[in-house]
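What follows is a set of notes on a single structure, which appears directly below.
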Amino acid sequence: MSSRAQPAPARTDARTAAAPLSSSTQPLLGIGLLLLSMWVLSTLDASGKWVMAAGVPMLLLSWVRYAAHLAVALALIVPVRGWRILASRRPREQVLRGGAMLCATLLFFTTLRYLPQAEATAINFLAPLIVLLLAPWVLREPPRLSRWVAAGIAFLGVLIVIRPGGGLDPTGTMFGLIGAFCFSVQYIASRRVAADDPLTSVIWSGGVGTVVLSVALPYAIPAALPVLRDLDPLHWCVLVSTGVTGCIGHLLQIAAYRKAPASTLAPFTYLQIVSSTTTGWLIWGHFPDALTWLGIAVICGSGITIGILEWRRARPRAGAGGR
């Protein structure tokens, strides 16, 4: 997330992996894996919101989410790739990326305490366009008017979603906007670890979050004990599942980007709003109104359009490089 999937601003970052992934000629399988990852990660978001509603403190939820993520990642990856997969070529950047991801997770979980899942997700779709907006300065990429226009249109979509009178809590809206900026930092940091295996990033992201939250955990447990004593087995299972679904969702996205090019998958990342809306509707009965859907359409439309434009720009360069 964070706990959610990352819409791609003409990117290959699959929320956990920044390294360029070699694509095979199975685009339909790649799209299917990406869509499956979105449902898995939307389930994570819904699970986090549900256990927080039961009284589980966000700090404890986040620790379980990262600790279980790390345990599952080690159990699945190390037996296949060996302990050498933990070695990073850019450990400092991995720590920065893990820290940004942790901040984004904490902010998104906070947002979910105040806002419906669909609206919280829609606000975070602003993040990849923030990256395109800042690309000339932080990524040393050429400035382009189309990127500025796309970011402006996406922000207009966000304003429609969070409009006065729309019924959204101002506190949740504020955390959502700050979280979008944190997600953009995570995307940028992901570009810095492109030399690492994507599976290395999966483990490091879980490890950084677990270590940092373990330091703060002793301060959260005393206040949480009364709530934890009253949790039934179902709540405990859902709580632990947040880390499992987080790790599995990341691995599914890596698999998707290995089966299909990022340019093929980029438009489909915005379909996460469907999975987020569905889970929010099934669990809490939340369904966006017409104006909110308009704002969501504006955000997704701007992201998809700039993704297609960036892909078309990249094609001539790729063709020239291949001759």
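Values in this document were obtained by computation on a predicted structure and should not be read as measured data.
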So do [Y] and [X] actually touch side chain to side chain, heavy atoms under 4.5 Å?
X	Y	value
W83	I77	no
V193	L96	no
F183	M101	no
L168	T292	no
H69	S205	yes
T242	D45	no
L159	R163	no
V78	L86	yes

D169 and R113: salt bridge (charged side-chain N to carboxylate O under 4.0 Å, His left out), yes or no, with the steps? CA-CA 10 Å; D169 189 288; R113 297 185 67 170; over 6 Å; no
Should [X] and [Y] be counted in the same cluster of Ile, Leu, Val, Met, Phe, Trp and Tyr side chains packed under 4.5 Å apart?
X	Y	answer
L177	I160	no
V298	L309	no
V64	V212	yes
M52	I283	yes
F175	L112	no

Considering all heavy atoms, the nearest [X]-[Y] contact:
X	Y	value
L252	S37	CB-CB, 3.7 Å
G98	V208	C-CG1, 3.7 Å
A180	I123	CB-O, 3.9 Å
C247	V202	SG-CG1, 4.4 Å
A224	P57	CB-CG, 3.5 Å
P128	Y270	CG-OH, 4.1 Å

To the nearest 0.5 Å, how far apart are [atom1] in [X] and [atom2] in [Y]?
X	Y	atom1	atom2	result
W204	E93	CH2	CD	10.0 Å
I296	L291	CD1	CG	11.0 Å
T269	I31	OG1	CD1	11.5 Å
L33	L28	CG	CG	11.0 Å
I178	L107	CD1	CG	6.5 Å
I130	S184	CD1	OG	4.5 Å

[X] side chain to [Y] backbone, donor-acceptor under 3.5 Å:
X	Y	answer
S47	V238	no
K259	Q26	no
T200	I85	yes
K49	L115	yes

For a side-chain contact (heavy atoms from CB on, under 4.5 Å) check, start with the C-alpha distance between I248 and L76, then their side-chain angles and the critical distance, and finish with the verdict. CA-CA 10 Å; I248 297 300; L76 294 178; 3.9 Å; yes
Kindly determine whether S42 and Q117 satisfy side-chain hydrogen bond (donor to acceptor under 3.5 Å, both in side chains), including the steps that lead there. CA-CA 9 Å; S42 292; Q117 190 174 343; 4.5 Å; no
Can Q272 and T121 be said to form a side-chain hydrogen bond (donor to acceptor under 3.5 Å, both in side chains), step by step? CA-CA 8 Å; Q272 191 187 357; T121 302; 5.3 Å; no
Can you confirm whether the side chains of T105 and Y66 place a donor and an acceptor under 3.5 Å from each other?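 There is such a pair between these side chains.
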Could you walk me through whether H250 and I254 satisfy the side-chain contact (heavy atoms from CB on, under 4.5 Å) test, starting with their C-alpha distance in whole Å, then the side-chain angles of each, then the deciding distance to 0.1 Å, before giving a yes or no? CA-CA 6 Å; H250 291 180; I254 289 174; 5.5 Å; no
Around atom CH2 of W63, are there more than 12 heavy atoms from other residues, nucleotides or ligands closer than 6.0 Å?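 No, not enclosed.
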Would you please test T111 and M174 for side-chain contact (heavy atoms from CB on, under 4.5 Å) and show each step? CA-CA 8 Å; T111 303; M174 178 188 67; over 6 Å; no
Which class fits the ring pair W281 and F287: parallel under 30°, tilted 30 to 60°, perpendicular over 60°?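 Rings of W281 and F287: perpendicular, as their planes differ by over 60°.
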Can you list the steps and then say if D196 with S201 is a side-chain hydrogen bond (donor to acceptor under 3.5 Å, both in side chains)? CA-CA 7 Å; D196 281 347; S201 294; 5.2 Å; no
Before giving the answer on side-chain contact (heavy atoms from CB on, under 4.5 Å), spell out for L217 and L59 the whole-Å C-alpha distance, their side-chain angles and the decisive distance to 0.1 Å. CA-CA 7 Å; L217 195 61; L59 195 60; 5.6 Å; no
